[in-house]
Amino acid sequence: MVKYYRSVDNILMEESSARENSWIALTNPTAGEILDVAEDNGIIVSDLKAALDDEERSRIEVEDDYTMILVDIPTIEQRDERDWYITIPMSIIVKSDRIITVCLQDTPVLKSFVDGRVKHFSTGWRSRFILQILYRNASWFIHYLRMIDKESDAMEEKLGDGTTRNQELIELMGLEKSLVYFKTSLRSNEVVLEKLLKLPRFEKYPSDEDLLEDVIIENKQAIEMANIYSGILEGMMNAFSSVVSNNLNQIMKILAAVTIVLSIPTMVSSFYGMNVNTAGMPFSGTADGFLIIIIFSLILSLIVALILKIKRMF
């Protein structure tokens, strides 16, 4: 899908074709749409397709007539009726008279511009537009990181009730995997931002200095949050692994103690069962011999159980 936008009197208007100071937004475009935009704007087809590859790395490509800025953005993917946090590439192609964005999904990073939720925004202010996109991107990273932190707290409460379930552990592993993706993407974006600041073609206006500083601070904050949450989640996983191992040891210890206690009656009955000549056995001549032997076995079992209790085997 291809849409054309242009700011008119500080109001973003959707148009039928590209003009000067236009913003061309490509969302999961078809091969034909990519070819048309490439021909109309003099852009290499492979550069337009770069953001459609999930494995594409963040970078800056400088050509004669345009500059391509490729960054990773956060998004949510639905799998197994659950939200999974991942990152996908998004490219910003800057020409002298327009900006082109390419992404696989309708991302909230760009949707906020379409909905008019970004102040002091104009498609004609290309340098500011780029910084605003990067700032919104870092803000959404922080937003998703806070959601991950809340989900990990919820998982901790579920696992804290003493009943360890595989589903909660799998979800924790998924959150840990998402944090790895986020940390890698944020570091790559930081490198792109540093290169962008040194790029001679990137015009830096005095009015954008505060926004530029905010972009740097927001991205660094996202990196720090990702590192902190990753460390907390890793410690939580290690703690739960230790809890699972300790619970298993407790169960094995109890089972061993129960086995010892139950073996006492078995041993006594075995002695009587193996002895053919029962005339010389204790209580063999009494009417209540069987009952006495049972009571004797139970008393021995209770004594052994008490000893194991004192030894904290139960």
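- Connection of Leu70 to Val215 is not established within any shared hydrophobic cluster, with ILVMFWY side chains joined at heavy-atom distances below 4.5 Å, either directly or through further cluster members.
- Taking the six-membered ring where tryptophan is involved, the planes of Phe113 and Phe129 are perpendicular, since the angle between them exceeds 60° and thus also 30°.
- Under the 4.5 Å side-chain criterion, counting only non-hydrogen atoms from C-beta, Ser152 is not in contact with Ile232.
- Checked by atom type and distance alone, the side chain of Ser263 pairs as donor or acceptor with a backbone atom of Ile260 at under 3.5 Å.
- Judged by distance alone, the side chain of Ser112 and the main-chain N or O of Arg117 form no donor-acceptor pair under 3.5 Å.
- Note that CD1 of Ile99 is 8.0 Å distant from OG of Ser127, once rounded to the nearest 0.5 Å.
- Side-chain heavy atoms closer than 4.5 Å link hydrophobic residues (I, L, V, M, F, W, Y) into clusters, and following such links, possibly through other members, connects Leu300 to Val261.
- A continuous path of hydrophobic side-chain contacts links Val37 to Ile44 [ILVMFWY only; heavy atoms under 4.5 Å].
- Nearest approach of Ala138 to Ala222, heavy atoms of both residues: O-CB, 4.3 Å.
- Residues Val109 and Ile217 do not share a hydrophobic cluster, clusters being chains of Ile/Leu/Val/Met/Phe/Trp/Tyr side chains in contact below 4.5 Å.
- A heavy-atom distance below 4.5 Å is not found between the side chains of Glu190 and Ile216.
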**Request:** Test Trp23 against Thr101 for side-chain hydrogen bond (donor to acceptor under 3.5 Å, both in side chains), laying out the working first.
**Result:** CA-CA 8 Å; Trp23 166 26; Thr101 59; 2.9 Å; yes
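- Annotation: Tyr181, atom OH; neighbour count of heavy atoms from other residues, nucleotides and ligands within 6.0 Å does not exceed 12.
- Within 6.0 Å of the NZ atom in Lys95, the count of heavy atoms belonging to other residues, nucleotides or ligands exceeds 12.
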**Request:** Carefully, step by step, assess Ile88 and Cys103 under the rule side-chain contact (heavy atoms from CB on, under 4.5 Å).
**Result:** CA-CA 8 Å; Ile88 59 174; Cys103 189; 3.8 Å; yes
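- Put simply, the side chain of Glu33 gets close to the backbone of Met1: a donor and an acceptor are under 3.5 Å apart.
- The aromatic rings of Phe141 and Phe182 stand perpendicular to each other, their planes meeting at an angle above 60°, with 30° marking the opposite boundary.
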**CA sep, side-chain torsions, deciding dist, call: Arg59, Met68, side-chain contact (heavy atoms from CB on, under 4.5 Å)** = CA-CA 8 Å; Arg59 66 182 189 277; Met68 184 187 71; 3.7 Å; yes
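- Interatomic distance, CD1 of Ile69 versus CG of Leu196, reported as 4.5 Å (0.5 Å rounding).
- When all heavy atoms of Ala25 and Tyr5 are compared, the closest pair comes out as CB-CE1, 4.1 Å.
- Side chain of Asn137 to main chain of Ile133: no donor-acceptor pair is present (N/O by atom type, distance under 3.5 Å, no hydrogens or angles).
- Contact between His120 and Trp125 at its shortest, heavy atoms only, is O-CZ3, 3.7 Å.
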**Asked** Should Val191 and Ser188 be marked as a side-chain contact (heavy atoms from CB on, under 4.5 Å) after you check the CA-CA gap, both sets of side-chain angles, and the distance that decides it?
**Response** CA-CA 5 Å; Val191 173; Ser188 299; 5.8 Å; no
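- For the atom pair Asn249 CG and Ile254 CD1, the distance stands at 11.0 Å (nearest 0.5 Å).
- Atom NZ of Lys195 sits in a sparse spot, with 12 or fewer heavy atoms from other residues, nucleotides or ligands closer than 6.0 Å.
- Once rounded to the nearest 0.5 Å, the distance linking OG1 of Thr67 with CD1 of Ile92 reads 11.5 Å.
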**Message:** Pair Arg98, Ile93 - check side-chain contact (heavy atoms from CB on, under 4.5 Å), show working.
**Reply:** CA-CA 9 Å; Arg98 65 194 60 181; Ile93 299 175; over 6 Å; no
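- Contact of the Leu179 side chain with the Tyr85 side chain is not registered, since no non-hydrogen atoms from C-beta on lie closer than 4.5 Å.
- A pairwise comparison of heavy atoms in Ile43 and Ile100 identifies CD1-CD1, 3.2 Å as the closest pair.
- Donor-acceptor pairing under 3.5 Å is recorded for the side chains of Tyr66 and Asp47.
- With hydrogens and angles disregarded, no donor-acceptor distance shorter than 3.5 Å links the side chain of Arg6 to the backbone of Thr123.
- Between Trp140 and Tyr144, the two ring planes are tilted [angle within 30° to 60°].
- Annotation: side chain of Leu52 is in contact with side chain of Ile34 (closest heavy-atom distance under 4.5 Å).
- The number of heavy atoms from other shown groups lying within 6.0 Å of CZ (Arg19) does not exceed 12.
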**Asked** Does the side-chain hydrogen bond (donor to acceptor under 3.5 Å, both in side chains) test come out yes or no for Thr87 and Asp72, once each step is laid out?
**Response** CA-CA 6 Å; Thr87 59; Asp72 286 332; 4.7 Å; no
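- Considering all non-hydrogen atoms of both residues, Asn28 and Leu104 come closest at CB-O, 3.2 Å.
- Here the closest non-hydrogen pair linking Ser22 and Glu15 is OG-OE1, 4.2 Å.
- We find the CG-CG distance between Leu212 and Leu193 to be 7.0 Å, quoted to the nearest 0.5 Å.
- Following chains of ILVMFWY side-chain contacts shorter than 4.5 Å, one can reach Ile303 starting from Ile295, so the two form part of one hydrophobic cluster.
- We find the OG1-CE distance between Thr27 and Met90 to be 10.5 Å, quoted to the nearest 0.5 Å.
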